[in-house]
There are 2 protein chains.
Amino acid sequence: MAIFTNSERCENCRSRSFLFDLISEQDQEILDRAKQEVSFNAGEIIFKQGAMLTHVVCVTTGLAKIYFEGLDKKNLVLRLVKPSELVGGPGMFVDQRHHYSLGAVEDTRVCFIEIGLYRELVFRNKPLAHEVMARESHHRIEMYEKLVNLTQKQMPGRVAEALIYLSTQVYESLKFQCTISRQELADLTAMSKESAIRILKDLKESGVVTIDGNFVEIIDMKGLEDISQKG
Amino acid sequence: MAIFTNSERCENCRSRSFLFDLISEQDQEILDRAKQEVSFNAGEIIFKQGAMLTHVVCVTTGLAKIYFEGLDKKNLVLRLVKPSELVGGPGMFVDQRHHYSLGAVEDTRVCFIEIGLYRELVFRNKPLAHEVMARESHHRIEMYEKLVNLTQKQMPGRVAEALIYLSTQVYESLKFQCTISRQELADLTAMSKESAIRILKDLKESGVVTIDGNFVEIIDMKGLEDISQKG
DNA sequence: CGTTTACATTGACAAATATCAATGAGCCTG
DNA sequence: CAGGCTCATTGATATTTGTCAATGTAAACG
């Protein structure tokens with residue numbers, strides 16, 4: 001975990017957050033100087049549930065997971081985070097603590113932004129405030145849908161749903177290398193690792209996907225959607 | 001469903017929202033004139049998932065449930081809403097639609113506040129904006145915990161959890177008349193009605209609670225918490 | 001009163017899912 | 001290259017949970 005302070009200027013960064021484009025030029029300068037870029041190896045924790053919330057984080061390369069640590073060391077993956085996405089945390093306005101953990105799935109770089117600065121940016125720049133609100137709300141809606149998926153669908157529907165999520169939202173291709181482990185897929189769909197593996201096999205045998213190790217290709221998206229819908 | 005426009009002045013209303021106390025006197029006047037109080041019978045829908053989000057709602061008497069309509073007409077109760085609580089909806093900043101339904105559990109009165117006015121109030125009054133953010137965040141945190149409860153705990157843990165919730169957050173007493181039906185308890189804990197009933201019976205037989213129809217008394221809160229913790 | 005209606009309860013059974021244990025496969029490391 | 005590591009896979013089994021059908025119960029109503 002090496003620190004690369006100001007390794008690059010935000011304005012040249014391909015993975016800069018939407019945040020950057022919604023603040024004044026003056027604030028852009030401030031942010032550029034204040035950010036701290038850090039790289040993490042796959043598997044490392046970027047911030048930990050329960051710890052003090054001192055920074056917000058923007059992922060610049062790699063892939064991270066937002067996960068909740070539940071009972072008996074079982075984790076629930078709430079969402080995967082791609083480059084240019086900003087991760088705040090609901091504790092920011094409540095108790096200054098993280099209420100979920102952020103972990104590197106692949107080797108990942110992130111920029112840390114100090115919470116006081118972030119808050120100022122939000123309050124000084126109305127377009128940013130609106131955008132933050134909209135994104136928070138959007139995540140909340142996704143959370144309701146996730147709640148229903150996990151509580152009302154059976155395993156095949158949940159795995160189908162997850163594969164569609166990975167394809168459309170994360171890897172953005174029908175054919176992708178699945179960099180999350182089987183355990184992480186299980187944590188994303190709230191089931192045991194063994195069950196996740198068995199369902200993947202079933203989907204493969206029924207011909208809607210091909211799976212070879214980490215390589216996944218969705219052959220029949222319509223069929224997969226049907227399975228996802230039916231629960 | 002009779003309308004009682006301005007049946008009472010907000011400043012005299014015992015169930016007025018925190019909102020009222022965080023805005024300027026001038027805005028208090030405006031709000032007082034603009035609000036629309038409506039009464040609903042138990043079982044009626046106050047607003048419906050999918051419908052246009054035109055108002056926010058403050059419950060003044062009774063009890064309401066926020067629920068998500070999922071697959072096969074199965075509902076998931078997200079939260080119960082007591083008098084003086086304000087219900088917005090995450091669609092407010094996204095697509096102007098309701099993403100969950102609000103239903104009257106008991107006979108319930110609510111005040112409707114037009115969304116345009118509400119938004120103005122939030123943007124004009126900074127203390128209110130902060131408070132809204134804090135409450136939203138708080139609900140989000142509760143949602144994560146709910147997600148873990150429902151996906152990682154077995155049924156006895158979930159029912160124990162629900163009874164504690166009802167006792168501490170809703171009816172605010174160790175002994176209460178449970179005005180939600182068995183079906184609604186099942187929708188709150190994501191299980192079938194029959195399972196909910198059986199677990200209640202088990203809890204009764206193991207002596208941690210007494211149950212007689214709708215009347216519930218928590219005898220052994222410690223024991224109930226243990227069951228809830230263990231999952 | 002009997003009847004209807006909605007809600008609550010119970011038991012028997014089937015389905016879904018987790019757990020446990022064993023094995024395999026790939027990859028690093030001394 | 002052998003050993004040790006992690007992750008993936010498989011089969012057998014036990015547990016959890018839902019479904020279905022029947023019955024009970026009590027308030028509501030003509």
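Lettering of chains follows the sequences in order, A, B, ..., and the numbering in each one begins at 1.
- In this view, B/Asp226 and B/Lys222 satisfy the side-chain hydrogen bond (donor to acceptor under 3.5 Å, both in side chains) rule, not counting sequence neighbours.
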Which pairs of donor and acceptor atoms, one on a side chain in residues 50-64 of chain B, lie under 3.5 Å apart (sequence neighbours left out)?
unit_1  : atom_1 : unit_2   : atom_2 : d
B/Thr60 : OG1    : B/Glu37  : OE2    : 3.0
B/Thr60 : OG1    : B/Arg109 : O      : 3.1
B/Thr61 : OG1    : B/Arg109 : N      : 3.4

Protein heavy-atom contacts under 4.0 Å, written 5' to 3' over nucleotides 25-30 of chain D as B (base), S (sugar-phosphate only) or - (none), form the string ------

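- Considering B/Val208, B/Leu174, B/Leu163 in turn, B/Leu174 is the only one that fulfils the side chain to side chain contact (heavy atoms under 4.5 Å, CB included) rule with B/Met221.
- Spacing between atom CG of A/Asp212 and atom C1' of D/dT9 amounts to 14 Å, rounded to whole angstrom units.
- Scored by the side-chain hydrogen bond (donor to acceptor under 3.5 Å, both in side chains) test, A/Arg182 finds no partners at all (sequence neighbours excluded).
- Pairs of residues two or more places apart, or lying in two chains, never qualify as ring pair (Phe, Tyr, Trp, His ring centres under 6.0 Å) while including a residue from residues 206-231 of chain B.
- Atoms NZ (A/Lys193) and P (D/dT9) sit 11 Å apart, rounded to a whole Å.
- In this structure, the CG atom of A/Leu200 is 17 Å from the P atom of D/dC7, given to the nearest Å.
- For the pair A/Ile211 CD1 and D/dA8 P, the computed distance is 12 Å after rounding to whole Å.
- Under the salt bridge (Lys or Arg N to Asp or Glu O under 4.0 Å) criterion, A/Glu184 pairs with A/Lys65, not counting sequence neighbours.
- Chain B approaches DNA chain C over the interval C/dA8 to C/dA12, counting the first and last nucleotide 5' to 3' with an atom under 4.0 Å from its heavy atoms.
- Note on residues 150-205 of chain A: pairs passing ring pair (Phe, Tyr, Trp, His ring centres under 6.0 Å), not counting sequence neighbours, are A/Tyr171-A/Phe176.
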Identify each atom pair where a protein N or O and an N or O of nucleotides 17-21 of chain D are less than 3.5 Å apart, giving names and distance.
unit_1 : atom_1 : unit_2   : atom_2 : d
D/dT17 : OP2    : B/Met155 : N      : 3.3
D/dG18 : OP2    : B/Ser195 : OG     : 2.9
D/dT19 : O4     : B/Arg198 : NH2    : 3.0
D/dC20 : N4     : B/Glu194 : OE2    : 3.3

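- A search for side chain to side chain contact (heavy atoms under 4.5 Å, CB included) contacts involving B/Val148 returns A/Phe68, A/Leu76, B/Gln152, not counting sequence neighbours.
- Applying the ring pair (Phe, Tyr, Trp, His ring centres under 6.0 Å) criterion to B/Tyr67, with sequence neighbours excluded, gives no partner residue.
- Annotation: ring pair (Phe, Tyr, Trp, His ring centres under 6.0 Å) contacts of A/His98 (sequence neighbours excluded): A/Phe47.
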